[in-house]
Amino acid sequence: MDSRGVQRWQGEWARAGLATGQRDSRRGKFYALVAYPGSSGFLHVGHLRAYAYADALHRYHRALGESVLFPFGLHASGLPAVTWARRLKARDPSVVRSLEDAGVPPPVWPALETPEEAARFLGEEYQRVLRTVGVLVDESTYLTTIDDDYRRFVQWQLRTLHAAGEVVQGSYYSAVCPVCGPIAVDASETDLDSGGDAEVIRFTLVPFRLDDGRTLLAATLRPETIYGVTNVWVAPDEELVIWHLGSEEFLIARAGGDRLVDQHGGRLGRVVPAAELVRRTVHVPITGGTVPILTSSLVDPAIGTGVVMSVPAHAPADAAAVAELSSAERDALGPPPILLDIAHDPPLTVSEEALTQGDGTPAEKALRATRARGLSDREAVEAATERLYRLEFVRGTMTVESLRGISVREARDRVAKSLADAGSSLQLQEFSKPVICRNGHAVVIRKVSDQWFLRYSDPEWKARTLEAARTLVTWPPEYAHELPGIIEWFADRPCARKGPWLGTPFPLDPSWTLEPIADSTFYMAFFIVRRFLAAGRLRPEQLTDAFFDHVFRGVGSGEPSIPAGLQAEVREEFLYWYPLDINMGGHEHKSVHFPVFVYTHARLVAPELRPRGIYVNGWITGPSGTKISKKDVSVGKGRIPSIYRALERWGPDALRLYYVSAASPSADVEWNPETVDAALARLLEVERLVRETRGQGRGPPELDAWLLSRMHQIITRVRDGLGRADLRPVAEEVYVTVPAVIRRYYARGGVAGEATDKVGRAWTLLLGPITPHLAEEVGDGRFDGLVATQPFPSPSDFPSSEPAEAREEYLQRVEDDLRAVLRPSSERGDPTPGAAIFFIASPWKAVVERWMREAVARGETPSVRAIMERVQTHPELTGYRTEIPKYVQRVAPLLRSEPAIEPPSVEEDGTLRAAEAYLVRRFGFGSVGVYPEDEGAGADPLGRRDRSRPGKPAFYLVRPGAPKGTD
RNA sequence: GCAGGGGUGGCCCAGCUUGGUCAAAGGCGCCAGGUUGAGGUCCUGGUCUCGUAGGAGUUCGUGAGUUCAAAUCUCACCCCCUGCACCA
């Protein structure tokens, strides 16, 4: 189909108003959506996968006669649009290329350089793309999260949550660019230039007091090892600075000092060379001992505070550093104390076990296990550190007196807390690697003391949410098992921030902006209201808290300025569409968006209005599962096309078929143009076949019965798959099985007639959900109105015929057997046999086989003796006394591996005779003969006739030159 | 670390919940034949190994186990991927 055809049908659907959700209380409803996209740039070929599923489901439910609503909006909040607009303004090559690719003329560009305009433009563009793919979203729902009415809505939402006590303030460490403001550090690097994979490291600071009143501040990840400190390390030639905080003077490295000022305030003062401190002693907190200050190259002044507390028994790096001291220094430190035991129950893994072998301290053993040659052997020392830290954290139990028997996990918290209680301990957070923002500034971590949070830790709210999650249906089902764990783990989340972002002013303090996740948890409800604004029946300023309370929660009498009847109608509309049947989104939503979506519904609406289903869809990835990045698309590596190029090349239907059939819905698929080619080729084949189904007159009755019966089965399976939202098997039935059935129908001697015509019509309708354009194209003129408005086929339209199916299956088995025998000889190039002589099994064999099957079903091995005893009571079998034992012995072992249920019986003789012409044509035999086994007729020089079994005739293939059978 | 997913025939990807009809669907690639009087949108067959009769052998990350029977169930191990908090 060319693009004109595609446009024609899209136009027809629009004219018919198919996409518009119509409330009809007499009918069922289906309300599902795809989590709205963010405004980070043009869509690529991966984004459409979820829409292909969702649209197919909506089309199916529409064809079932239900009212459907498929809304769409744009999540404009946050930084993505800001970044995109900025890059456009800078004429970033990849943004320029994507604009050109989308056919946006340069004169338009300057208008898109503000974040708001960029977001609005992208939202419209997304909507246009969906239209060109044939996705029927209700455009009267279209909104962006920076629209006035939407803002009023989320402000109501936040105020309501606040009134419920779920919005609180507290302190928080936040990633901030000193110039641009708060920033998201994540792997997608939306806000960043580099360092998106950086982790936040949380150090506990431990004060080691000098006699002169100043304090050396060490940074550690393992405060509980304070009991094993033998010395403090500084780097040789390091310069420390004095950090004045209150009346305290701390000595630390410059880099750490800068961070601490960001996080805790104070100021940096005079420089103090570390050399000044070496060999002086400091007091160890908690234990009260004194230890010396020594130098070692293990200290990196850029990390932590540039001061390290040395615990040689448990820290491999410290042990390695100590080993490099002079022996006098080493002796002065004494043997390092061991602080903990490793539990060996349950047994350690092999790699854990390796860490506990041999003599010495745990650190020494770990160094040995990784074959570390010394402090300079960095990789090995780090591996030892990582493995030992993990082992001790997971399995360790403290043995020092004041913490005896306590797990390392808990000891760590206790020591950190007692240091904090002593008043001089602080936390230091830093990134594991440099993080650079889009504008080239180094990103730091700052403490925000008045941060707003949503109180997801609230036990009561959590309990309700878990309750709501319990009844949720998910695709894949595993997610339903995973979800409660995620909800349990969910802690308070910041819900507002300050900075140049798009979003809604935080209602409790407008100097903050609502954070982008918090403003997108309940929007499914607002879509319904939005339609009234689109129709001009409501105005943004009428959307008051009273209105929302009434419509969504049934609380109060509503907004007085709105006519009561209209308000009641909105409420009714909400109650009609809600609950949401499916929220569909990629797996990145599993741990954040989906949980908060359930949370919010659990708090705001009545239990019967809570969401019903969550559908997690996979992505399209680059080669070897790599994420598609903007670069892949726009830089044109030639691998991943933009959606525009893809539509040009394959058209919407081939893409849609590819999306639903290339993999399981929740699995990622590698983008593979050849597979899309194959999908397109298949559609062309389907188009041809379905067109050829038109006809009149009847075919061979038995063949027609078979064809209709197969269709009965296929429709049953298709409906079942669509009902379970499992589209892959549906695609297989509609685009693979149906063509195969029709081809076989013709191959067996069927011709286009009434039967194929009926099948063709139903098939056209089956094509509708996944490939709607093709369905209209081949259905044009065949239906009264659009295919998209026709009721979905029902299996009851097609009579099921077991005998007809059994006959065809029988014939297929015979063909399989023939091929198995012919294969070796035809590979050798032997000529085709001149004739095929079939021998139909004698009726007594069916009786005997049934008895044997009964034995197998009871778990027994069929015994010759038992069978022969039974033969006594069946006079008609006694004539075969000599054959039966041989038959039982031959067939009994075969029965084990065959289906337990008996195949339906087939009138073999007649079926084979009727297929003679077919077999001659198909295999090129000169002739075919069919004889009952007992009759003695037919050439059988190899004595094959005994091999016949019920449903499996024996045969002899007459080689040219060999004696031919007599007819 | 915590949580989740995964390792299937040259490649992509089903199957595993409910063990047997699984040498394992479908697609791609490849081979042969057909159609078209010459070659990438068609049709048929083949594509683990062996085999002059419908058979046999060895396969579904590795190892062990349960079972008459395991790609499917159990256990251990190895490897890969994803998410982990202001990113929707």
Inset, instruction - Grab the CZ-P distance between Phe923(A) and G45(B) for me, whole Å please. - result: 9 Å
Inset, instruction - Using the six-membered ring wherever Trp is involved, compare the ring planes of Tyr36(A) and His75(A) and label them parallel, tilted or perpendicular (cut-offs 30° and 60°). - result: parallel
Legend entry - Interatomic distance at P, A3(B) relative to G57(B), whole Å: 44 Å
Inset, instruction - Kindly say whether Arg493(A) contributes a backbone atom to a donor-acceptor pair with the side chain of Tyr456(A) at under 3.5 angstrom? - result: no
Inset, instruction - Could you tell me whether the phosphate oxygens of C84(B), OP1 or OP2, come under 4.0 Å of any side-chain nitrogen or oxygen in Ser591(A)? - result: no
Inset, instruction - Could you check whether Pro595(A) gets within reach of a base, just the sugar-phosphate, or nothing at all, counting any heavy atom under 4.0 Å? - result: nothing
Legend entry - Lys/Arg-Asp/Glu bridge criterion (N-O < 4.0 Å) met for Arg724(A), Asp720(A): yes
Inset, instruction - Answer with yes or no whether Arg947(A) presents, from its side chain, a donor or acceptor under 3.5 Å of a partner atom in the base of G54(B). - result: yes
Legend entry - Minimum-distance nucleotide (side-chain atoms of Ile517(A) versus A88(B), A53(B), U41(B)): A88(B)
Inset, instruction - Could you tell me whether Ala954(A) contacts a base, only the sugar-phosphate backbone, or nothing, with contacts defined as non-hydrogen atoms closer than 4.0 Å? - result: base
Nucleotide N/O of nucleotides 2-10 of chain B paired with protein N/O under 3.5 Å:
{"residue": "G4(B)", "atom": "O4'", "partner": "Glu482(A)", "partner atom": "OE2", "Å": "3.4"}
{"residue": "G4(B)", "atom": "O2'", "partner": "Glu482(A)", "partner atom": "OE1", "Å": "3.3"}

Inset, instruction - Select base, sugar-phosphate, or nothing to describe what Ser666(A) touches, counting heavy atoms under 4.0 Å on all strands. - result: nothing
Legend entry - Length of the line joining Arg922(A):CZ and G33(B):C1', which is rounded to integer Å: 14 Å
Inset, instruction - Identify whether any heavy atom of Phe955(A) sits under 4.0 Å from a base atom; if not, whether one sits that close to sugar-phosphate; answer base, sugar-phosphate or nothing. - result: base
Inset, instruction - Using distance alone, with no hydrogens and no angle criterion, decide if Asp519(A) and Thr504(A) have a side-chain donor and acceptor under 3.5 Å apart. - result: no
Legend entry - Nearest-Å distance once atom P is located in both U72(B) and G61(B): 8 Å
Inset, instruction - Indicate whether the side chain of Tyr735(A) and that of Thr771(A) have a donor and an acceptor atom separated by less than 3.5 Å. - result: yes
Inset, instruction - Ignoring the backbone of Asp817(A), work out which of G54(B), C28(B), A14(B) is nearest its side chain. - result: G54(B)
Inset, instruction - Would you mind classifying the nucleic acid contact of Arg944(A) as base, sugar-phosphate or nothing, using non-hydrogen atoms under 4.0 angstrom? - result: base
Inset, instruction - Select base, sugar-phosphate, or nothing to describe what Ala662(A) touches, counting heavy atoms under 4.0 Å on all strands. - result: sugar-phosphate
Inset, instruction - Could you work out the separation of C2(B) and C75(B) based on their C1' atoms and round it to a whole Å? - result: 23 Å
Inset, instruction - Classify the nucleic acid contact of Arg682(A) as base, sugar-phosphate or nothing, counting any heavy atom under 4.0 Å across all strands shown. - result: sugar-phosphate
Inset, instruction - Give His75(A) one of three labels, base, sugar-phosphate or nothing, depending on what nucleic acid heavy atoms sit under 4.0 Å from its own. - result: sugar-phosphate
Legend entry - Pairing string, 5' to 3', for RNA chain B - Watson-Crick or wobble contacts under 3.5 Å, brackets [ ] where pairs cross, | to another strand: ((((((((.[[[..)....(.....]]]((((((.......))))))(((....)))...[[[[[..)....]]]]])))))))....
Inset, instruction - Could you check whether Ala663(A) gets within reach of a base, just the sugar-phosphate, or nothing at all, counting any heavy atom under 4.0 Å? - result: sugar-phosphate
